[in-house]
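The structure appears below as structure tokens.
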Amino acid sequence: MNIQIDVKNASKTYHSERGEVEAIRDFSMEVAEGDFVAIVGPSGCGKTTLLWGLTGLHPFSGGSAKILGDEVGKPRQDVGIIFQQANLLPWRTLIDNIHFPLEIMGEDVTQYEQRVHDLLQTVGLVGFEDNMPNELSGGMQQRASIVRALSVDPKVLLMDEPFGALDAYTRDEMDALLLSIWNKTKKTIAFVTHRIEEAVYLADRVYVMTPRPAVNAKTFTIDLPRPRPEGTMMTQDFFNIVATIKQSISDEVKKQKQSGEYQTEKYSTAF
Ligand SMILES: Nc1ncnc2c1ncn2[C@@H]1O[C@H](COP(=O)(O)OP(=O)(O)OP(=O)(O)O)[C@@H](O)[C@H]1O
Ligand SMILES: [Mg+2]
């Protein structure tokens, strides 16, 4: 088995003017090539911190993290990142936004023309290449950011609540679209969300983070058959898995409260 994301006992403590914030403690996760895992947990528990740690932009304070066999270091081309906001540059057209990382990397964009066109076709954005971001809906902008991340053909995709800002209907559509892309490309995906339903629908495995400081409370293997049509979310099996995970989270929170570990939010998070 080729482990592409390997986190061992990672921890992260922020040192701010208001004191220390222990965001993650002893978090471990192994993701093999082609796996789709989801990480769920309540707001402020450390999900974004985990993904930032994996990008190398905000390194962990302790433990180890490897991506594609290497200790996490600088951002790299074979690791794509998709954030909650599409972050398109407002002064660039859709196609120029997609080309932006290629330009930064000094790539010849014409070499990527066919690939980008195929991706635009997959996400239904052909014909919008010359639109400015403010002429696109939130869902279209997020689809553009998926194309931007996939244009360089990364092996690993890190996604931080990418559809969190979208309405429920568009979000379900985007989840189904992401699954169809994953079915075709079999990228290794680590997907952060606070919606347990979304995690169960998408992932092979769901890591549950406890409230801060986040540790792995439990890992659930989701053995719903693939491919998963949108109707999967209406099945009894689906409801049962979601209910089991929700129960486990509420048990864990109770346990933490009893042991005095539970920390209420003292700092607002910028993410
Ligand atoms: N730069 C920072 N300095 C100090 N504390 C921080 C910093 N960034 C995050 N934190 C704190 O670390 C904890 C985890 O934050 P993080 O953004 O990882 O949570 P999250 O699970 O992604 O939350 P959400 O679901 O709201 O996005 C929070 O208590 C937050 O206030
Ligand atoms: Mg976050």
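Atoms within a ligand are numbered from 1 in the order they appear, just like the ligands themselves.
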Between Thr188 and Glu33: side-chain donor-acceptor atoms closer than 3.5 Å
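No pair is found: no donor N or O on one side chain lies under 3.5 Å from an acceptor on the other.
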Would you indicate which of [options] comes nearest to [atom] when only heavy atoms are counted?
| atom | options | result |
| --- | --- | --- |
| atom 15 (O) of ligand 1 | Asp160, Thr48, Thr49, Leu50 | Thr49 |
| atom 26 (O) of ligand 1 | Ser43, Ala23, Gly41, Gly53 | Ser43 |
| atom 21 (O) of ligand 1 | Gln84, Lys47, Arg18 | Lys47 |

For Gln114, which residues count as a side chain to side chain donor-acceptor pair (under 3.5 Å) partner, sequence neighbours excluded?
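Testing Gln114 for side chain to side chain donor-acceptor pair (under 3.5 Å), a comparison that skips the adjacent residues, returns Asp118.
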Indicate if the distance from the Mg ion (ligand 2) to the nearest N, O or S atom of Ser43 falls below 2.8 Å.
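It does not: Ser43 brings no N, O or S atom closer than 2.8 Å to the Mg ion (ligand 2).
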How would you list all residue pairs meeting side chain to side chain donor-acceptor pair (under 3.5 Å) that involve residues 61-75, not counting sequence neighbours?
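Non-adjacent pairs meeting side chain to side chain donor-acceptor pair (under 3.5 Å): Asp70-Arg76.
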Does the structure place the NZ or CZ of Lys184 under 6.0 Å from the centre of the six-membered ring of Trp182, at an angle of no more than 45° from the ring's axis?
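The answer is no; the distance or angle limit is not met.
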Can you confirm if the aromatic rings of Trp52 and Phe60 lie within a centre distance of less than 6.0 Å?
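Centroid distance Phe60-Trp52: not below 6.0 Å, so no.
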Does any N or O atom in Val21 lie less than 3.5 angstrom from one in ligand 1, N or O only?
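No, there is no polar N/O contact under 3.5 Å.
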Which one holds for Glu161 and ligand 1: side chain close, backbone close, both close, or neither close, with close meaning a heavy atom under 4.0 Å?
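Side chain only.
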